[in-house]
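Below: one structure, written as structure tokens.
Residue numbers start at 1 and run along the sequence shown. Hydrogens, waters and symmetry mates play no part in the numbers below; they use all other heavy atoms, side chains included.
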Amino acid sequence: MVNLPPEPGETPSDRTRPTNSASAPLNFDEFIAVVVAFLALGGILLWGLTRPGLQTTGLFNLGDPGAAPLDDPTRPRVAPVPGDPADLEAERLRQDRVPETARPGVGSAPLEDPAATGGIFGPFLPTQRVPVATADSAIADPVPADPATTTPPPLDISDVPPDHWAYPFIARLFEAGYLPDFPEGQFQPDRALTRAELAALLNESLINPQTPGTPQTPGNPQFTDVAPDYWAAEAIQQAVAANYMRGFPEGDFRPDELVPRSQVLVSLTSGLGIPDSPYTQEILSRFPDSGELPDWARGKVAAAAAEGLVVNHPDPNLLRPEQPATRAEIVAMLYQALVERGDVERIDSPYVVPPLQQ
């Protein structure tokens with residue numbers, strides 16, 4: 001310890017008296033620290049008063065202490081002050097917390113209690129209603145209608161361009177009401193033909209009771225693969241009963257199986273009652289690909305050629321017997337059958353094979 005000389009007017013006893021630190025003035029650094037501390041506390045308090053989440057807990061609720069909390073559904077609604085974002089947010093949050101009547105078949109996950117999720121910080125945790133499907137009343141996805149068991153829409157041939165080679169045949173049969181409705185609605189002329197579609201075309205043009213001169217054969221054949229509500233079930237029954245088509249030995253019809261061109265000609269000659277030609281070999285020799293015909297179909301195809309039912313596109317000299325027939329081709333052949341029966345007028349087309357006689 002260093003003994004310093006006394007200041008002027010200071011007695012030695014003054015050196016031994018303790019200094020009262022409480023009465024000592026704050027220096028500059030201490031003053032700044034106190035101001036910063038008060039500003040921080042004031043900022044925290046102001047932030048809490050303006051937060052809707054803390055207001056809903058009642059911690060900073062400056063209203064009536066006995067009033068119901070903001071998230072109480074029984075509390076009277078007070079319209080927020082227009083333009084006040086804080087009040088608008090508080091009202092929106094209060095409305096979100098009001099229990100809603102669940103939609104039929106869907107429940108709502110309850111909001112968690114703020115006290116159970118961290119006290120006053122509960123409102124700041126993510127809470128969102130999540131739809132929960134109940135076990136006994138879940139909303140099922142809509143089941144698309146099965147086109148095979150629904151009534152086909154009205155036929156529209158606008159997808160057949162006027163310059164299509166078969167347009168004259170298709171347009172005239174459509175105008176005369178000889179074309180059936182297909183499940184997809186449009187005609188699609190170059191689409192391969194199925195056995196069910198062939199039955200529908202035969203029934204509408206040649207077997208339909210309204211068609212003049214068409215004999216009706218009673219019968220109600222049943223097939224294991226044709227349901228009663230199948231879109232072409234009735235047409236299949238009529239085509240088989242009228243001897244235009246047959247089922248298979250296994251008891252099925254195979255409605256979705258594609259039809260070769262040779263079978264179309266066999267169906268027409270069988271249903272129209274045209275006998276096999278006695279000049280089968282001579283007639284078929286005019287077609288270079290006639291060797292592809294199965295033996296059981298040769299007589300019927302020769303009879304169709306003799307009656308002018310054959311329509312070959314794009315080469316009139318080729319039968320293409322095993323190639324699946326298109327809708328345009330079968331309509332052209334059906335038109336030729338109606339010509340031979342005297343129901344429609346003949347159309348001049350380079351793809352119609354003239355009647356071949358020996």
Side-chain angles (χ1 to χ4, degrees), residues 142-212 214 226 229-236 238-239 244-245 255-261 263-265 267-268 271 308-316 318 320 323-353:
V143 179
D146 184 4
T149 59
T150 56
T151 302
L155 180 63
D156 179 13
I157 65 169
S158 61
D159 62 326
V160 183
D163 58 351
H164 193 279
W165 71 269
Y167 179 81
F169 303 98
I170 298 171
R172 291 196 185 182
L173 290 189
F174 177 74
E175 294 171 358
Y178 286 136
L179 298 183
D181 298 328
F182 292 120
E184 60 277 0
Q186 293 184 322
F187 186 76
Q188 302 181 23
D190 298 320
R191 177 171 174 169
L193 193 78
T194 66
R195 285 173 55 83
E197 293 168 348
L198 175 59
L201 282 167
L202 290 170
N203 185 65
E204 197 71 21
S205 59
L206 297 174
I207 308 173
N208 193 301
Q210 297 179 357
T211 302
T214 302
V226 179
D229 58 350
Y230 185 67
W231 73 273
E234 183 178 354
I236 292 172
Q238 294 289 347
Y244 281 93
M245 302 185 72
D256 297 325
E257 188 175 279
L258 299 182
V259 185
R261 284 171 45 85
Q263 289 188 19
V264 174
L265 295 173
S267 296
L268 291 176
L309 305 183
V310 178
V311 180
N312 294 335
H313 174 271
D315 188 348
L318 296 179
R320 295 173 292 119
Q323 180 172 332
T326 65
R327 291 180 176 178
E329 291 173 337
I330 178 59
V331 165
M333 294 179 188
L334 286 174
Y335 191 92
Q336 289 303 110
L338 292 171
V339 169
E340 294 304 316
R341 207 170 66 176
D343 294 339
V344 295
E345 296 181 358
R346 190 179 303 273
I347 292 178
D348 185 16
S349 172
Y351 306 111
V352 175
V353 178

Heavy atoms only: give me the nearest [X]-[Y] pair and the separation to one decimal.
{"X": "Phe187", "Y": "Ala328", "result": "CE2-N, 4.2 Å"}
{"X": "Glu329", "Y": "Trp165", "result": "CG-CZ2, 3.9 Å"}
{"X": "Arg346", "Y": "Arg172", "result": "O-NH1, 4.3 Å"}
{"X": "Ala192", "Y": "Pro324", "result": "CB-CB, 4.2 Å"}
{"X": "Ala239", "Y": "Ala199", "result": "CB-CB, 4.0 Å"}
{"X": "Gly177", "Y": "Glu204", "result": "O-OE2, 3.7 Å"}

Exercise for review: Any chance you could lay out the side chain to side chain contact (heavy atoms under 4.5 Å, CB included) test for Asp190 and His164, step after step, and finish with the verdict?
Suggested key: CA-CA 10 Å; Asp190 298 320; His164 193 279; 3.1 Å; yes
Between [X] and [Y], is there a donor-acceptor pair closer than 3.5 Å when you use the side chain of the first and the backbone of the second?
{"X": "Asp343", "Y": "Leu338", "result": "no"}
{"X": "Asn312", "Y": "Leu318", "result": "yes"}
{"X": "Tyr244", "Y": "Leu198", "result": "no"}

Side-chain touch [X]/[Y], heavy atoms, less than 4.5 angstrom:
{"X": "Arg341", "Y": "Leu206", "value": "yes"}
{"X": "Tyr335", "Y": "Val311", "value": "no"}
{"X": "Leu173", "Y": "Phe169", "value": "no"}
{"X": "Met333", "Y": "Leu268", "value": "yes"}
{"X": "Pro189", "Y": "Asp159", "value": "yes"}
{"X": "Met245", "Y": "Gln263", "value": "no"}
{"X": "Val259", "Y": "Val264", "value": "yes"}
{"X": "Gln336", "Y": "Val310", "value": "no"}

Check your understanding: In terms of heavy-atom contacts, does CD of Glu234 have more than 12 from other residues, nucleotides or ligands at under 6.0 Å?
Key -> no
Approximate separation, where rounding is to 0.5 Å, of [X] [atom1] and [Y] [atom2]:
{"X": "Leu309", "Y": "Leu334", "atom1": "CG", "atom2": "CG", "result": "9.5 Å"}
{"X": "Arg320", "Y": "Arg261", "atom1": "CZ", "atom2": "CZ", "result": "4.5 Å"}
{"X": "Ile157", "Y": "Gln188", "atom1": "CD1", "atom2": "CD", "result": "13.5 Å"}

Check your understanding: Among Val331, Leu201, Thr326, whose side-chain contact (heavy atoms from CB on, under 4.5 Å) with Leu193 holds?
Key -> Leu201
Review point. Do the rings of Tyr351 and His313 sit parallel, tilted or perpendicular, given the 30° and 60° boundaries?
Key: perpendicular
